[in-house]
Amino acid sequence: MIDLRVLREDPDRARASQRARGEDPGLVDQVLAADELRRSSATRFDELRSEQKGLGKLVAKASGEEKQQLLARTKELADEVKAADAAQSEAAERARALLLQLSNLLEPGVPEGGEDDFVLLETHGTPRDFAAEGFEPRDHVEIGKILGAIDLERGAKVGGARQYYLTGVGALLELALANMAMAQAVRYGFTPMITPSLVKPEAMQGTGFLAQAAENVYHLADDDLYLVGTSEVPLAAYHMDEILPAEKLPLRYAGYSSCYRREAGSYGKDTRGIIRVHQFEKVEMFSFCAPEDAAAEHQRLLAWEKEFLTALELPFRVIDVASGDLGSSAARKFDCEAWIPTQGKYRELTSTSNCTEFQARRLSVRLRDADGVRPLATLNGTLCAMTRNIVAVLENHQQADGSVRVPEALRPFLGKDVLEPVAR
RNA sequence: GGAGGCUUCGCCUAGUCCGGUCUAUGGCGCCGCACUGCUAAUGCGGUUUGGGUCUCAAGCCCAUCGAGGGUUCAAAUCCCUCAGCCUCCGCCA
């Protein structure tokens, strides 16, 4: 949710932001009009109500004929107050509904354009030259079979398309990655959290996932609950309706949860393997901080993502995601993409967004400092999404005989140096 | 799933039976000021949040007693629905 004051004072900035996202700039004017109506109807209600309260006091003191006269007026007033109240709350609701549709203002510097218009910021590591090593790399599906780590056939049999079982060493690999991620987060002072995957509409709405991403969210109609696509949702909503003391900020949480995604509109994309699935586990970093620290905090989250990928010895690059490809809450987003040998390209493994005050306003999370109460900023960043990390580790560290070398940093968590093919 | 109790401005709490004087009591904490070698203690004042008005501030107005609705000229107070927490029963990993 955007600050109405900012919107009133500088509507052009909001219009430009909407345009850059490929969204409707006219929405800005609808919001402004609705807000104007909201304010005028609120003023009318306030005046009537003030009169009603004043007369009410006189009624209490009066008696006899005087009282009857007062009651005649107050009865009339009561109807007017009621009508004004209804008009006021309707106007407020309409203004809020419109305001909720507006995406966050872009941070200056965000590259303009669509998915392919990102700016490449950095490249780390070098993809292996399998030709020079003398063998053709296998993709993660094949390696998964050889290791007895991934069972896609039975995943589809039981759960349908984009479902999978991790078996044996595959299951252990996921647990090891999760523990390694949590250990890193804890080392940097994050509070580890295991969060609900099932949340109420306010949490979903508040984090901005019921806007353009709505079609990818599972909704349980019988209970009006949503399955979260990331623990960003329960972590952001954790402090909903709270005022946090500024001296406690930044508050950093590392959430571990299942993530559910309908993957509507991605038919035919990544149909093979576990790159794109309906359910996966993820360790997510989340920060609450002062708005003026948000950009720096964003860089910190990015640095922690890079550290994790580096520890896994994966070649990757960092991109500055273009305006049209940002979530509605994000003012800016950086993705880390790891090299996937059998695809010959970099694929998103982590993503970190600066949501500035957008989510905090919707969820009513504020900070209190010497100057008073004001909204704070929220940021999120993937530390380790299990399935894609498994893909990257298996493919990048595979060896000619079908075994997979375990990166050094992961060994203490997995208890193995090498994943060996299982006898068939 | 069933029965009962509870929910008040950071925390605790008075008020709810019997509607108007609630402009919500008191304590703790916190902030400011005074006093004081220092600290402590004491005294005085302030201290929910949101919205509106206003160039800003001050001031003023409105809303806010878990949420929503109702009764009434008037609701923290009466009625209804819902939520959360607690106790007990049932079921259950």
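Because the structure is a prediction, the values reported are computed rather than measured. Labels below follow one simple rule: chain letters A, B, ... track the order of the sequence lines, proteins then strands, and each chain is numbered from 1.
- Residues A:Ser266 and A:Glu263 have side chains that bring a donor and an acceptor to within less than 3.5 angstrom of each other.
- No side-chain N or O of A:Gln18 forms a donor-acceptor pair with one of A:Asp24 less than 3.5 Å apart.
- In this structure B:rC17 sits in no base pair that meets the Watson-Crick or G-U test at under 3.5 Å.
- A 3.5 Å limit on both hydrogen-bonding distances identifies B:rU49 as the Watson-Crick or G-U partner of B:rA63.
- Atom CD in A:Glu284 sits 8.0 Å away from atom OG in A:Ser351 (nearest 0.5 Å).
- Closest to the side chain of A:Arg366, out of B:rC61, B:rG50, B:rA63, is B:rG50.
- Rounded to whole Å, the P atom of B:rA3 lies 15 Å from the corresponding atom of B:rC80.
- Comparing the same atom, P, in B:rA63 and in B:rG68 gives a spacing of 14 Å after rounding to whole Å.
- Contacts of A:Lys200 with the nucleic acid, taken as non-hydrogen atoms under 4.0 Å apart, are absent.
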Task: Residues A:Lys282, A:Thr230; criterion side chain to side chain donor-acceptor pair (under 3.5 Å); working and verdict - done: CA-CA 7 Å; A:Lys282 180 156 64 77; A:Thr230 162; 2.8 Å; yes
List, with names and distances, any nitrogen or oxygen atoms from the protein found under 3.5 Å away from nitrogen or oxygen atoms belonging to nucleotides 52-54 of chain B.
residue, atom, partner, partner atom, Å
B:rG52, OP1, A:Arg8, NH2, 3.4
B:rG52, OP1, A:Arg38, NH2, 3.1
B:rG52, O2', A:Thr43, OG1, 3.3

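- With B:rC61, B:rC73, B:rA63 as the choices, the nucleotide that has an atom nearest any side-chain atom of A:Thr74 turns out to be B:rC73.
- Taking atom P in both B:rA93 and B:rG5, the straight-line distance is 32 Å, to the nearest Å.
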Considering only nitrogen or oxygen atoms on both sides, find all protein atoms under 3.5 Å from nucleotides 20-23 of chain B and state each distance.
residue, atom, partner, partner atom, Å
B:rG20, N2, A:Gly56, O, 3.2

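- Nucleotides B:rC85 and B:rC28, compared at atom C1', are 24 Å apart to the nearest Å.
- A:Gln52 comes within 4.0 angstrom of sugar-phosphate atoms only, judged by non-hydrogen atoms across all strands, and of no base.
- Summarising the base pairing, B:rG10 is matched to B:rC28 through a Watson-Crick or G-U wobble pair whose two defining distances lie under 3.5 Å.
- Within the 4.0 angstrom heavy-atom criterion, no nucleotide atom of any strand lies near A:Leu77.
- As rounded to the nearest Å, B:rA14 and B:rA75 have P atoms that lie 25 Å from one another.
- Classified by interplanar angle (parallel below 30°, tilted 30° to 60°, perpendicular above 60°), the ring pair A:Phe288/A:His239 is perpendicular.
- Along RNA chain B, the nucleotide closest to A:Glu51 and the one closest to A:Ala78 are compared, and the more 5′ of them pairs with A:Glu51.
- No contact: A:Arg44 has no heavy atom under 4.0 Å from any strand.
- Note on ring orientation: taking the six-membered ring where Trp is involved, the planes of A:Trp304 and A:Tyr188 are tilted (angle from 30° to 60°).
- Remark: A:Tyr226 pairs with A:His219 by the ring-ring contact (aromatic ring centres under 6.0 Å, His included) rule, at least two apart or across chains.
- The partner of B:rC85, taking Watson-Crick or G-U wobble pairs whose two distances both stay under 3.5 Å, is B:rG5.
- In this structure, A:Arg73 places its CZ atom where more than 12 heavy-atom neighbours from other residues, nucleotides or ligands lie under 6.0 Å away.
- Around atom CZ of A:Arg154, no more than 12 heavy atoms belonging to other residues, nucleotides or ligands sit under 6.0 Å away.
- Counted within 6.0 Å of CD on A:Glu420, heavy atoms from surrounding residues, nucleotides or ligands total more than 12; the atom is thus considered enclosed.
- Across B:rG20 and B:rU7, the matching C1' atoms stand 25 Å from one another, rounded to whole Å.
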